[in-house]
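Heads up: the structure comes next, in structure tokens.
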Amino acid sequence: MNQNLPLPKYHQIYLVLCEQLQEGKFDEGLPGELALMKQFSVARVTVRRALQQMAEEGLIKREPGRGTRPVKRNEVSASKLGGDVSGQGAQQARLTGLLENLVTMGLRTSVKVLSVQTLLAPKEIQDKLKLSATDWVQKAERVRSTREGPLSHMTTWVPSEIAQGFGQRELAQKPILVLLEEAGVKVGRAEQTISARLADADMARHLDVPVGSALLSVRRLIYDQQDKPVQWLLGLYRPDRYEYQMQLSRVGSIDAQIWVDKELSANFH
């Protein structure tokens with residue numbers, strides 16, 4: 001079998017919808033067929049085939065007059081959601097080298113700020129940044145590019161008391177880690193998770209890739225030196241233009257050796 005053959009269009013849509021279903025985007029019900037046809041620019045028969053596959057796997061329930069509803073998420077096994085799509089490997093990232101690399105990347109690429117808004121922290125962001133329901137955050141969406149084209153789409157959340165000194169103009173000119181330090185934050189450490197996800201229609205447009213393309217997903221929580229979280233980031237990268245490298249060395253006696261990262265780097269082209 002030729003592994004380089006492109007996935008059928010209906011299967012690409014199936015994978016994207018399964019990923020969004022796993023993220024809880026359809027808890028109130030899936031979009032109708034017409035909306036999905038418009039979103040993915042496909043015929044009704046293609047949408048129906050994708051939905052039929054999801055229904056056959058017990059992921060959704062289609063009922064006349066009631067629309068398409070997801071099966072309860074706790075009843076759906078990870079194997080039914082396209083296998084281990086995320087391949088998550090959380091790691092405690094040392095900022096020695098990584099911080100410098102991220103700043104260098106910011107200085108060597110261009111950025112387009114899509115939106116900046118101040119809003120009450122959503123529940124997930126409250127948990128990540130240890131905020132209350134009455135706390136405000138700055139949410140910013142940006143696309144970073146090289147000369148070859150779009151490299152990444154980044155969404156960041158920063159407590160508004162920290163972000164009040166910078167907005168759209170500053171975010172377009174400087175890396176956000178530089179802006180944090182200019183705001184008085186002493187960056188301490190980061191927790192980072194690298195996984196994979198598929199491009200939905202919005203990400204496909206922003207990053208100039210086909211819908212259903214694999215993207216490298218980076219989630220990063222930045223802490224200050226008092227171990228207070230100061231930034232939550234979700235970055236989606238084109239894997240053909242970005243790679244993440246680590247050098248590992250063994251530490252410990254022969255009967256209790258572990259691997260630790262010696263250097264972290266992220267390269268783009």
Side-chain angles (χ1 to χ4, degrees), residues 1-88 114-115 122 124 141-145 149-155 193-219 234-242:
M1 180 178 178
N2 186 351
Q3 298 296 326
N4 293 322
L5 289 175
L7 288 174
K9 192 69 175 179
Y10 83 89
H11 194 69
Q12 295 179 29
I13 296 172
Y14 157 82
L15 291 174
V16 171
L17 293 178
C18 283
E19 187 169 82
Q20 293 178 338
L21 185 70
Q22 187 179 28
E23 294 172 348
K25 292 186 177 181
F26 301 137
D27 286 350
E28 303 301 321
L30 275 72
E33 290 182 358
L34 290 177
L36 292 173
M37 289 166 58
K38 182 177 180 181
Q39 177 182 348
F40 293 104
S41 300
V42 295
R44 185 187 295 267
V45 64
T46 305
V47 167
R48 284 183 172 176
R49 190 168 180 185
L51 294 175
Q52 179 183 355
Q53 183 170 345
M54 296 177 71
E56 290 175 351
E57 296 185 8
L59 302 177
I60 59 174
K61 182 179 294 186
R62 310 193 72 193
E63 299 178 344
R66 297 188 62 185
T68 303
R69 299 182 295 108
V71 175
K72 290 183 179 180
R73 295 174 65 190
N74 58 6
E75 298 176 4
V76 181
S77 67
S79 61
K80 288 186 177 181
L81 294 178
D84 186 10
V85 176
S86 65
Q88 294 181 359
L114 303 179
S115 66
E124 179 187 4
E141 293 187 61
R142 296 166 293 152
V143 171
R144 192 167 292 284
S145 302
L151 168 69
S152 64
H153 177 281
M154 295 164 294
T155 305
T193 301
I194 300 176
S195 58
R197 64 171 297 168
L198 303 173
D200 59 19
D202 286 338
M203 286 303 113
R205 184 178 70 256
H206 289 314
L207 296 180
D208 193 22
V209 296
V211 173
S213 298
L215 300 175
L216 185 64
S217 174
V218 176
R219 288 173 289 172
L234 171 61
L236 297 173
Y237 295 80
R238 287 184 50 151
D240 59 333
R241 293 179 179 164
Y242 179 90

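The figures here come from the full heavy-atom set of this structure, side chains too, leaving out hydrogens, waters and symmetry mates. Position 1 is the first residue of the sequence, and the numbers go up from there.
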(request) Examine distances only and state if a side-chain atom of Arg241 and a backbone atom of Pro150 form a donor-acceptor pair shorter than 3.5 Å. (result) yes
(request) Might you confirm whether atom CZ of Arg49 has over 12 heavy atoms from other residues, nucleotides or ligands at distances under 6.0 Å? (result) no
(message) Would Leu114 and His153 count as a side chain to side chain contact (heavy atoms under 4.5 Å, CB included) here? Give the steps.
(response) CA-CA 10 Å; Leu114 303 179; His153 177 281; 3.9 Å; yes
(message) Can you tell me if Glu28 has over 12 outside heavy atoms packed within less than 6.0 Å of its CD?
(response) no
(request) With rounding to the nearest 0.5 Å, note down the distance linking CG in Leu30 to CZ in Arg62. (result) 9.0 Å
(request) Enter the distance from Phe26:CZ to Met54:CE here, rounded to the nearest 0.5 Å. (result) 7.0 Å
(message) Quick check for you: to the nearest 0.5 Å, what is the distance between Ile194 atom CD1 and Arg219 atom CZ?
(response) 10.5 Å
(request) Evaluate the side chain to side chain contact (heavy atoms under 4.5 Å, CB included) criterion for residues Met37 and Thr46: first the C-alpha distance (whole Å), next the side-chain angles of each, then the deciding distance (0.1 Å), finally the verdict. (result) CA-CA 8 Å; Met37 289 166 58; Thr46 305; over 6 Å; no
Distance-only donor-acceptor hits, side chain of residues 198-208, under 3.5 Å, sequence neighbours excluded:
| unit_1 | atom_1 | unit_2 | atom_2 | d |
| --- | --- | --- | --- | --- |
| Asp200 | OD1 | Asp202 | N | 3.2 |
| Asp200 | OD1 | Met203 | N | 2.9 |
| Asp200 | OD2 | Gln20 | NE2 | 3.4 |
| Asp202 | OD1 | Arg205 | NH1 | 3.3 |

(request) Please report the shortest heavy-atom distance between Leu36 and Pro31, naming the atom on each side. (result) CD1-O, 3.8 Å
(message) Within this structure, what is the NZ-CG distance for the pair Lys25 and Leu17, rounded to the nearest 0.5 Å?
(response) 10.5 Å
(request) With rounding to the nearest 0.5 Å, note down the distance linking CG in Leu21 to CD1 in Ile60. (result) 8.0 Å
(message) Between Val16 and Phe40, is the side chain to side chain contact (heavy atoms under 4.5 Å, CB included) condition met? List the steps.
(response) CA-CA 10 Å; Val16 171; Phe40 293 104; 4.1 Å; yes
(message) Is the shortest side-chain heavy-atom distance between His11 and Gln53 below 4.5 Å?
(response) yes
(request) Could you pull out the closest heavy-atom pair between Ser217 and Leu234, with the gap in Å? (result) OG-CD1, 3.7 Å
(request) Give, for atom OH of Tyr237 and atom CE of Met154, the distance between the pair rounded to the nearest 0.5 Å. (result) 6.0 Å
(request) Work out which heavy atom in Ser195 is nearest to a heavy atom in Leu216; give both atom names and the distance. (result) O-CD1, 3.5 Å
